[in-house]
Amino acid sequence: MRYDLVIFDNDGVLVDSEPISNRLLAAYLTELGHPTSYEDSIRDYMGSAMHRIHDLVLERTGQRLPEDFDDVFHARVFGAFERELKAVPGAVEVLEKLSGDGVPYCVASSGSHERIRVGHRTTGLDRYFDEGRVFSSQDVGRGKPAPDLFLHAAERMGVAPARCLVVEDSPLGVQAAVAAGMDVYGFTAMTPPGRLAGATQLFSDMGELADLLV
């Protein structure tokens with residue numbers, strides 16, 4: 001194993017949540033008078049923390065989103081997760097492989113701790129992630145593309161950044177990993193490869209990852 005720690009993004013990498021959350025985000029922003037298509041949401045917000053949504057809407061329109069925006073959005077997303085959410089195909093096999101080989105791993109997500117936990121409970125991935133393996137943008141001052149979250153995860157796990165591999169599916173996440181001085185494998189199941197051009201390596205099937213890590 002060439003790395004001492006594998007850091008997984010969560011949404012779109014471990015749980016297949018991006019189609020659900022971006023569909024709902026586009027609908028909610030449109031409902032609030034900020035016309036947004038599903039494709040717009042994927043392009044502009046995929047992989048970002050909630051504050052980035054607020055910042056971009058304010059920057060583009062001069063209007064602030066409602067104070068209860070996050071709460072309403074999360075309620076809609078969590079309800080949809082309970083009905084629809086699945087693990088990304090191949091994710092369980094990768095986690096089983098890492099666990100069996102004794103390779104340290106964790107998750108570092110732009111989503112809140114609650115969002116991570118709801119997703120993991122719904123898909124059964126919670127058995128792979130105790131509290132010490134879960135890191136959120138809530139834990140740091142700046143979300144992706146800043147390197148803070150990945151550096152925080154590495155520090156808490158006791159591994160030097162240069163010995164870490166990040167698994168990401170968003171341009172913001174790839175930028176954050178590169179800025180943190182970490183290798184990053186770009187997962188292209190939902191993201192055009194060209195948008196992850198800064199990645200160390202690209203792959204399209206999570207089932208391939210275990211072999212790529214050897």
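Keep in mind that what you see is a predicted model, and the values were worked out from it rather than measured.
- Between Tyr105 and Phe129, the angle of the ring planes goes over 60°, which puts this pair in the perpendicular group of the 30/60° scheme.
- Within the cation-pi definition used here (under 6.0 Å to the ring centroid, within 45° of the axis), Arg52 does not qualify as a partner of Tyr45.
- The shortest distance between side-chain heavy atoms of His120 and Tyr128 does not fall below 4.5 Å.
- Across Ile42 and Met190, no two heavy atoms sit closer than the pair CD1-CE, 3.5 Å.
- Cluster membership for Val166 and Leu172, using ILVMFWY side-chain heavy atoms within less than 4.5 angstrom, is not shared.
- Remark: Leu5 CG to Met157 CE distance equals 5.0 Å, nearest 0.5 Å.
- Linking ILVMFWY residues whenever their side-chain heavy atoms come closer than 4.5 Å, directly or via other members, places Leu209 and Phe187 in the same cluster.
- Within the 4.5 Å cutoff, no side-chain heavy atoms of Leu165 are placed close to those of Arg2.
- Few gaps surround CZ on Arg43; more than 12 heavy atoms of other groups in view lie less than 6.0 Å from it.
- Annotation: side chain of Leu25 is not in contact with side chain of Thr36 (no heavy-atom distance under 4.5 Å).
- There is a path of hydrophobic side-chain contacts, each under 4.5 Å, that joins Met50 to Val107.
- Side-chain contact annotation: Asp169 with Thr191, donor-acceptor N/O pair under 3.5 Å absent.
- Residue-environment remark: CD (Gln201) exceeds the threshold of 12 foreign heavy atoms within 6.0 Å.
- In this structure, Met46 is not a member of the same hydrophobic cluster as Val178, with clusters built from ILVMFWY side-chain heavy atoms closer than 4.5 Å.
- The minimum heavy-atom distance linking Leu151 with Ala180 is given by the pair CD2-O, 3.7 Å.
- The heavy-atom pair separating Arg76 from Leu24 by the smallest distance is O-CD1, 3.6 Å.
- Judged as a ring pair (Phe, Tyr, Trp, His ring centres under 6.0 Å), the pairs with a partner in residues 149-177 (not counting sequence neighbours) are, in order, Phe135-His152.
- For the pair Val57/Leu32, no side-chain contact is recorded, criterion being any heavy-atom separation below 4.5 Å from C-beta on.
- Between Asp11 and Arg115 a salt bridge is recorded (basic side-chain N to carboxylate O distance below 4.0 Å).
- A perpendicular orientation is assigned to the rings of Phe69 and His54, their planes being inclined by more than 60° (bins at 30° and 60°).
- Salt bridge Lys144/Asp9: present, at least one basic N to carboxylate O contact under 4.0 Å.
- Taking each heavy atom of Pro35 and Asp40 in turn, the nearest pair found is O-OD2, 4.5 Å.
- Ring geometry, Phe78 versus His74: the interplanar angle falls under 30°, so the pair is classed parallel (tilted spans 30 to 60°).
- Val13 is not listed as a side-chain neighbour of Val88, based on a closest heavy-atom distance of 4.5 Å or more.
- Ile53 and Tyr38 are members of different hydrophobic clusters when ILVMFWY side chains are connected at heavy-atom separations under 4.5 Å.
- Residue Arg23 holds its CZ atom at 11.5 Å from OG of Ser41, rounded to the nearest 0.5 Å.
- Side-chain contact between Leu95 and Phe8: present, with at least one pair of heavy atoms (C-beta onward) separated by less than 4.5 Å.
- With contacts defined as side-chain heavy-atom distances shorter than 4.5 Å, the pair Met206/Leu14 does not qualify.
- You'll find the side chain of Glu31 stays beyond 4.5 Å of the side chain of Val72, heavy atoms only.
- Looking at every heavy atom in both residues, Leu149 comes nearest to Ser109 through CD2-O, 3.4 Å.
- From Glu18, atom CD reaches atom OG of Ser170 across 7.5 Å, with rounding to the nearest 0.5 Å.
- Of all heavy-atom pairs spanning Asp4 and Val159, the tightest one is CB-CG1, 3.8 Å.
- If you take CZ on Arg163 and CG on Asp183, they are separated by 9.5 Å, rounding to the nearest 0.5 Å.
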